[in-house]
Amino acid sequence: MGNKSSLLLREEEIAQIQEETGFTPNQIERLYSRFTSLDRGDCGTLSREDFLRIPELAINPLGDRIVHAFFEEGSTDRVNFRQFMRVLARFRPIKKGRDNRLNSREQKLKFAFKMYDLDNDDKISRDELLAILHMMVGANISEEQLTSIAERTILEADQNGDQMISFEEFCSALERTDVEQKMSIRFLS
């Protein structure tokens with residue numbers, strides 16, 4: 001019979017996606033199968049609602065922010081398979097000695113930074129930090145404690161005194177953090 005999803009991906013498309021993202025052909029086919037199972041409308045693209053049907057994203061307090069990242073690249077409200085793969089590539093473990101364009105330390109940090117930069121002004125403000133903290137912990141911590149955490153974070157990371165965290169300051173604050181490990185997902189081969 002054959003798998004419906006493997007019939008729709010041509011070998012040259014798989015090779016191009018492999019070159020661009022670093023995924024193996026087998027991983028690409030598995031992810032394509034997952035992509036098509038999420039595509040309820042069978043139109044070759046996913047909507048925000050399609051993503052939010054993924055149980056892990058639906059229960060993740062930052063699920064909306066993660067889903068938003070898939071739509072950053074294009075200005076439409078749909079994501080095709082290629083765009084889907086480019087975002088997922090940022091979560092591939094980094095392989096030493098190999099070109100890691102989409103999943104380099106810098107790309108992983110840019111992705112994380114965008115999670116916090118709610119208004120896309122390339123700065124993280126106290127209010128944005130507070131909003132993300134609210135999403136992550138909800139009512140489990142008092143408003144006073146959250147405000148204190150946000151203010152202390154800004155104080156420690158802000159190097160130029162503008163009460164905001166720039167991307168460079170963000171990178172500096174995470175200098176000793178193993179971002180490569182923390183922002184990697186093992187994709188089955």
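- Checked options Glu151, Gln145, Arg152; the residue passing with Ser148 is Arg152 (criterion: side-chain contact (heavy atoms from CB on, under 4.5 Å)).
- With sequence neighbours excluded, no residue satisfies salt bridge (charged side-chain N to carboxylate O under 4.0 Å, His left out) with Glu175.
- When the side chains of ILVMFWY residues are joined at heavy-atom separations under 4.5 Å, either directly or via intervening members, Phe170 and Val179 end up in a single hydrophobic cluster.
- Counting all heavy atoms, side chain and backbone alike, Thr21 lies closest to Met85 at CG2-O, 3.8 Å.
- Arg40 is linked by a salt bridge (charged side-chain N to carboxylate O under 4.0 Å, His left out) to nothing, counting only residues two or more places apart in sequence or in another chain.
- The nearest pair of heavy atoms linking Ile124 to Tyr116 is CD1-CB, 3.4 Å.
- Minimum heavy-atom separation, Gly44 to Asp39: N-OD2, 2.7 Å.
- Under the salt bridge (charged side-chain N to carboxylate O under 4.0 Å, His left out) criterion, the residue pairs touching residues 18-28 are Glu20-Arg82, Glu20-Arg86, with sequence neighbours excluded.
- Put simply, Ile165 and Ile132 are part of the same group of oily side chains (I, L, V, M, F, W, Y) that touch within less than 4.5 Å, one to the next.
- Cluster membership check: Leu174 shares its hydrophobic cluster with Phe91, using side-chain heavy-atom separations under 4.5 Å among Ile, Leu, Val, Met, Phe, Trp and Tyr.
- Looking only at side-chain heavy atoms (C-beta outward), His68 and Arg48 come within less than 4.5 Å of each other.
- Ile28 contributes atom CD1, which lies 13.5 Å from atom OG of Ser33 (distance to the nearest 0.5 angstrom).
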Q.
For a side-chain contact (heavy atoms from CB on, under 4.5 Å) check, start with the C-alpha distance between Gln163 and Leu155, then their side-chain angles and the critical distance, and finish with the verdict.
A. CA-CA 7 Å; Gln163 300 295 305; Leu155 188 68; 5.8 Å; no
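- With values rounded to the nearest 0.5 angstrom, Ser37 atom OG is found 11.5 Å from Tyr32 atom OH.
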(Q) Could you walk me through whether Glu49 and Leu52 satisfy the side-chain contact (heavy atoms from CB on, under 4.5 Å) test, starting with their C-alpha distance in whole Å, then the side-chain angles of each, then the deciding distance to 0.1 Å, before giving a yes or no? (A) CA-CA 5 Å; Glu49 293 73 34; Leu52 291 172; 5.7 Å; no
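- Partner of Leu130 under the side-chain contact (heavy atoms from CB on, under 4.5 Å) criterion, out of Thr153, Ile154, Thr147, Ile149: Thr147 alone.
- Contact check for Leu109 versus Glu106: no side-chain heavy atoms found under the 4.5 Å cut-off.
- Looking at heavy atoms from C-beta onward, Val79 lies out of side-chain contact with Thr45 at the 4.5 angstrom threshold.
- By the ring pair (Phe, Tyr, Trp, His ring centres under 6.0 Å) test, Phe51 pairs with Phe70, Phe71, sequence neighbours left out.
- The side-chain heavy atoms of Leu88 and Phe84, taken from C-beta on, include a pair separated by under 4.5 Å.
- Between Asn103 and Lys108 the shortest side-chain heavy-atom distance falls below 4.5 Å.
- Side chain of Gln107 to main chain of Ser104: no donor-acceptor pair is present (N/O by atom type, distance under 3.5 Å, no hydrogens or angles).
- Listed here is the closest heavy atom pair of Arg126 and Ala150: O-CB, 4.2 Å.
- Rounded to the nearest 0.5 Å, atoms OG (Ser125) and NZ (Lys123) are 11.0 Å apart.
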Q: Determine, stepwise, if the pair Ile14 / Arg10 fulfils side-chain contact (heavy atoms from CB on, under 4.5 Å).
A: CA-CA 6 Å; Ile14 292 172; Arg10 297 186 321 268; over 6 Å; no
Tell me which donor-acceptor pairs under 3.5 Å the side chains of residues 58-66 have, and how far apart each pair is, sequence neighbours excluded?
{"residue": "Asn60", "atom": "OD1", "partner": "Leu62", "partner atom": "N", "Å": "2.7"}
{"residue": "Arg65", "atom": "NE", "partner": "Met115", "partner atom": "O", "Å": "3.0"}
{"residue": "Arg65", "atom": "NH2", "partner": "Lys114", "partner atom": "O", "Å": "2.6"}

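- Looking only at side-chain heavy atoms (C-beta outward), Phe81 and Thr36 stay at 4.5 Å or farther from each other.
- In terms of modelled atom types and a separation under 3.5 Å, the side chain of Gln181 and the main chain of Asp178 share no donor-acceptor contact.
- Annotation: side chain of Asp117 is not in contact with side chain of Phe167 (no heavy-atom distance under 4.5 Å).
- No donor-acceptor pair under 3.5 Å is formed between the side chain of Glu169 and the backbone N or O of Asp158.
- Atom CG of residue Asn26 and atom CG of residue Leu31 lie 9.5 Å apart, to the nearest 0.5 angstrom.
- Listed by first and then second residue, the ring pair (Phe, Tyr, Trp, His ring centres under 6.0 Å) pairs that reach into residues 9-30 are Phe23-Phe187, sequence neighbours excluded.
- At a threshold of 4.5 Å between non-hydrogen side-chain atoms, the residues Gln159 and Ser172 count as touching.
- Considering CG of Asp119 and CG of Asp127, their distance stands at 10.0 Å, rounded to 0.5 Å.
- For the atom pair CG of Leu57 and CG of Asp50, the computed distance is 12.0 Å after rounding to the nearest 0.5 Å.
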